[in-house]
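First the structure, in the form of structure tokens, and then the observations on it.
Here is the naming used below: chain letters follow the sequence lines, and residue numbers restart at 1 for every chain. In this text the structure is predicted, and so the values were computed from the model without any measurement.
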Amino acid sequence: MMNRIAFIKLRGNFTTKSFLLHSETPFSSFHIGLHSDTRNVSSNRSLFDKITNLNDALNLFDEMSHRHPLPSVVKFTQLLNVVTKMKHFTYALNLFKQMCSLGVPLDKYTLSIAIKCCCQLHRTKDGFALLGCCFRRAISPNVYIYNALLDGLVLEDKILEAEMLFKKLIKQKLCEPSVVTYSTMIKGLCKFGNNVTALALLRLMEQKNCKPDIVTYNTIIDSLCKDKMMDDAFKLFKEMVFEKGILPNVITYTSLIRGLCNLGRWDEASKLLKEMEDENISPNVQTFTVLVDAFCKEGKVEEAEAVINIMVERGKAPDLVTYSSLIDGYCLRREMFKAREIFDSMTLRGLVPNVVTYSSLLNGYCKNLNIEKAEQMFREMSGKGLKPDVVTYNTMIQGFFQVGRCVDAHKLFDEMYAQGQIPNECTYRIVLEGLCKNRQVEEALSLFHLVGDSKLNSDIAMYNILINGAGKYGKVDIAKNLFHDLIDKGLQPDVHIKSPT
DNA sequence: CTAGGGTTAG
């Protein structure tokens, strides 16, 4: 549980930072039509059902926008929805902007889709700007719009703002929260490891006569499983099935099986797998991948391979995630030849390795101190048009430090910036650790001070690295200063620090 | 014409 919270905290910091980079609000300047259009509500769905790719949708939009008279807002919104369903949120927003300039009279449907797009693009701020447009245009926002905004805040890890919005909805009666509203808020709480409040909210919604459904239960059950609280997870599972009469689905079972596997409770996991099959719920690729991953993390690649064979027999093709887990498994066992073989076999199966796949193998090479092979992978992925992400850079930088190539590590650290990848807390940890390991404690210290006021400077883990690094090479003064520094900041020294004497 | 849940890398 601690790990999850630490992880989220870490991610939260940097999403906030990167969000500030695009905080311009492009919608405030838009003209939004005033008329409400009630013509032509009868839908011609078949027209839009046929659109299966982005280009067709964009072409149709273009054609529609040249018609005289313009098609109704309903037609435009249907098309907008098609693009959104394809998850092309940026394109959908562009279409929305075009609708604005064409003077198509927008309604709450159009706006709810546009708001959803902003939120899914981590631009919830723009979503709220559009909410303002709703108010100005006397379009009263409904529960769909608030759900989209709430989800956006959760997505950006702005849990406090999400809670504030949620409470505001209820207190000011802005809309009647639906089961989706509650479930979204519950998801946010779970994401921050706050299962207790999530459960309290489950009870609250029941009190308010809003019936939790399979999604609500799955969200909490999954969170409990992630926190290894299997007893609570099964208690909730039983409540859902026997008290509420809600049938579990493949997602419910997959969460439970993952929880058991991660605790090494293989027998119970296999029992559950059998149980779900008895209930006629077939495990899917994700269910099997959970098993593969769990086996691999314990170095049991033979078992993982057996699961993959079963998958294939049942016509469930292992995907990128499955193979990435298997590659990790072989890397862990230092069987790099085998890892490479899996990697190559993926291509033969028509799977295109992505950044994660490359990073897995690259990580394997680094951990096995075959830095040249890792560099080769790094170059190869760039050659294939895959942009290394923060994790890739972190892995490679750590690899360089491990073999004492500090200059290359430094170069890559700079390149990371140049490529627009913002270093995260892991990056700094790796760099600080790397510098200390390579007897460059002073440099680590100056980097630490350079980063300045960020959370980093009040992170006990960073102090641990520096103090231990300084202590190891007899730089007692530095260690002492750091120790006093952290006490001054009110940080609690933990067991990982050897108090300098 | 609108909404929510499960899997991967350091």
Side-chain angles (χ1 to χ4, degrees), chain A residues 7 37 40-45 48 72-82 84-85 107-117 119-120 142-151 154 178-188 190 212-223 225-226 249-259 261 284-294 296-297 318-328 331 354-364 366-367 388-399 424-427 429-430:
Chain A
F7 176 69
D37 187 313
N40 238 345
V41 184
S42 67
S43 61
N44 182 3
R45 294 229 48 177
F48 295 101
S72 72
V73 61
V74 176
K75 292 274 183 287
F76 274 111
T77 306
Q78 280 175 322
L79 184 54
L80 195 63
N81 192 33
V82 169
T84 307
K85 285 266 153 70
D107 61 14
K108 64 181 169 194
Y109 297 103
T110 329
L111 278 156
S112 82
I113 295 174
I115 290 173
K116 188 197 151 103
C117 289
C119 293
Q120 294 298 309
N142 56 14
V143 65
Y144 288 89
I145 289 180
Y146 286 116
N147 288 347
L149 290 167
L150 192 65
D151 198 37
V154 169
S178 67
V179 58
V180 176
T181 322
Y182 282 106
S183 300
T184 305
M185 192 65 241
I186 285 174
K187 175 177 73 176
C190 289
D213 62 12
I214 180 78
V215 178
T216 325
Y217 275 103
N218 281 350
T219 307
I220 307 181
I221 288 173
D222 181 67
S223 180
C225 290
K226 279 189 179 129
N249 61 15
V250 62
I251 296 180
T252 327
Y253 277 110
T254 303
S255 291
L256 290 166
I257 289 173
R258 194 194 40 230
C261 286
N284 60 18
V285 177
Q286 294 184 46
T287 319
F288 285 121
T289 300
V290 161
L291 295 168
V292 170
D293 187 54
C296 286
K297 286 210 162 73
D319 64 9
L320 275 180
V321 180
T322 323
Y323 285 118
S324 291
S325 292
L326 190 60
I327 289 173
D328 279 343
C331 289
N354 63 10
V355 180
V356 177
T357 330
Y358 270 98
S359 296
S360 288
L361 197 55
L362 193 146
N363 178 45
C366 286
K367 292 286 134 62
D389 67 7
V390 184
V391 178
T392 324
Y393 278 108
N394 288 354
T395 311
M396 201 67 224
I397 290 171
Q398 191 171 39
N424 59 19
E425 290 186 19
C426 280
T427 320
R429 183 180 53 74
I430 287 165

Original post:
Heavy atoms under 4.0 Å, any strand shown: does A/Thr219 hit a base, just sugar-phosphate, or nothing?
Top reply: sugar-phosphate
Original post:
With respect to the phosphate group of B/dA3, does any side-chain polar atom (N or O) of A/Lys85 fall under 4.0 Å of OP1 or OP2?
Top reply: yes
Original post:
Which part of the nucleic acid does A/Val285 contact within heavy-atom distance under 4.0 Å: base, sugar-phosphate only, or nothing?
Top reply: nothing
**OP:** Kindly point out which of B/dT2, B/dA3, B/dA9 is positioned nearest to the side chain of A/Tyr109?
**Re:** B/dT2
**OP:** Could you tell me whether A/Val292 contacts a base, only the sugar-phosphate backbone, or nothing, with contacts defined as non-hydrogen atoms closer than 4.0 Å?
**Re:** nothing
Original post:
What is the distance, rounded to the nearest whole Å, between atom CG of A/Asn142 and atom P of B/dA3?
Top reply: 11 Å
Subject >> Distance, rounded to the nearest Å, where A/Leu149 contributes CG and B/dG4 contributes P >> reply: 13 Å
Original post:
Looking for any heavy atom pair under 4.0 Å, which part of the strands does A/Ile214 touch: base, sugar-phosphate only, or nothing?
Top reply: base
**OP:** In whole angstrom, give the distance that lies between atom CD1 of A/Ile220 and atom P of B/dG6.
**Re:** 13 Å
Original post:
Looking at A/Lys297, does any N or O in its side chain come under 4.0 Å of the phosphate oxygens OP1/OP2 on B/dT8?
Top reply: no
Original post:
Do you see a donor-acceptor pair shorter than 3.5 Å between the side chains of A/Thr216 and A/Ser183?
Top reply: yes
Subject >> Among B/dT2, B/dG4, B/dT7, the nucleotide that comes nearest once only the side chain of A/Thr216 is considered >> reply: B/dG4
Original post:
Side chain of A/Ser255, base of B/dG6: donor and acceptor closer than 3.5 Å?
Top reply: no
Subject >> Side chains of A/Ser178 and A/Thr181, donor plus acceptor under 3.5 Å >> reply: yes
Original post:
When the distance from OH of A/Tyr358 to P of B/dA9 is rounded to whole Å, what number comes out?
Top reply: 19 Å
Subject >> Under 4.0 angstrom between A/Asn81 side-chain N/O and B/dT2 OP1 or OP2 >> reply: yes
**OP:** Among the candidates B/dC1, B/dG4, B/dA9, find the nucleotide nearest to the side-chain atoms of A/Gln78.
**Re:** B/dC1
Subject >> Closest to side chain of A/Thr287, choosing from B/dG6, B/dC1, B/dG4 >> reply: B/dG6
Original post:
Do A/Asn363 and A/Ser360 have side-chain atoms, one donor and one acceptor, less than 3.5 Å apart?
Top reply: no
**OP:** With heavy atoms under 4.0 Å as the rule, sort A/Lys108 into base, sugar-phosphate or nothing.
**Re:** nothing
**OP:** Scan side-chain atoms only and decide if A/Asn354 and A/Thr357 contain a donor-acceptor pair under the 3.5 Å cut-off.
**Re:** yes
Subject >> Any side-chain donor near an acceptor of the partner, A/Thr84 and A/Asn81, under 3.5 Å >> reply: no
Original post:
Hey, is the side chain of A/Ser183 pairing donor to acceptor with the base of B/dG4 inside 3.5 Å?
Top reply: yes
Original post:
Between B/dT2, B/dG4, B/dT7, which nucleotide gets closest to the side-chain atoms of A/Val321?
Top reply: B/dT7
Subject >> Listed nucleotide nearest any side-chain atom of A/Lys226, set B/dG6, B/dG4, B/dT2 >> reply: B/dG6
Subject >> Closest listed nucleotide, where the reference is the side chain of A/Ser112 and the choices are B/dT2, B/dG6, B/dG4 >> reply: B/dT2
Original post:
What nucleic acid atoms does A/Asp328 come within less than 4.0 Å of, heavy atoms only: base, sugar-phosphate, or nothing?
Top reply: sugar-phosphate
Subject >> Sugar-phosphate, base or nothing in reach of A/Asn354, heavy atoms under 4.0 Å >> reply: nothing
**OP:** Grab the CZ-P distance between A/Phe288 and B/dG6 for me, whole Å please.
**Re:** 20 Å
Subject >> Partners meeting side-chain contact (heavy atoms from CB on, under 4.5 Å) with A/Thr254 (sequence neighbours left out) >> reply: A/Val250, A/Thr287, A/Val290
Original post:
Which part of the nucleic acid, if any, lies within reach of A/Thr84 when heavy atoms closer than 4.0 Å are counted: base, sugar-phosphate only, or nothing?
Top reply: nothing
Original post:
In whole angstrom, what separates A/Ile115's CD1 from B/dG4's C1'?
Top reply: 17 Å
Subject >> Listed nucleotide nearest any side-chain atom of A/Arg258, set B/dC1, B/dA3, B/dG6 >> reply: B/dG6
Subject >> Atom-pair distance (OH on A/Tyr253; C1' on B/dG6), nearest Å >> reply: 15 Å
Subject >> Spacing of A/Gln286 atom CD relative to B/dG6 atom P, expressed in whole Å >> reply: 9 Å
Subject >> Donor-acceptor pair under 3.5 Å, A/Asn284 side chain vs B/dG6 base >> reply: yes
**OP:** List for me each residue that meets salt bridge (charged side-chain N to carboxylate O under 4.0 Å, His left out) alongside A/Asp151, sequence neighbours excluded, and say none if there are none.
**Re:** A/Lys187
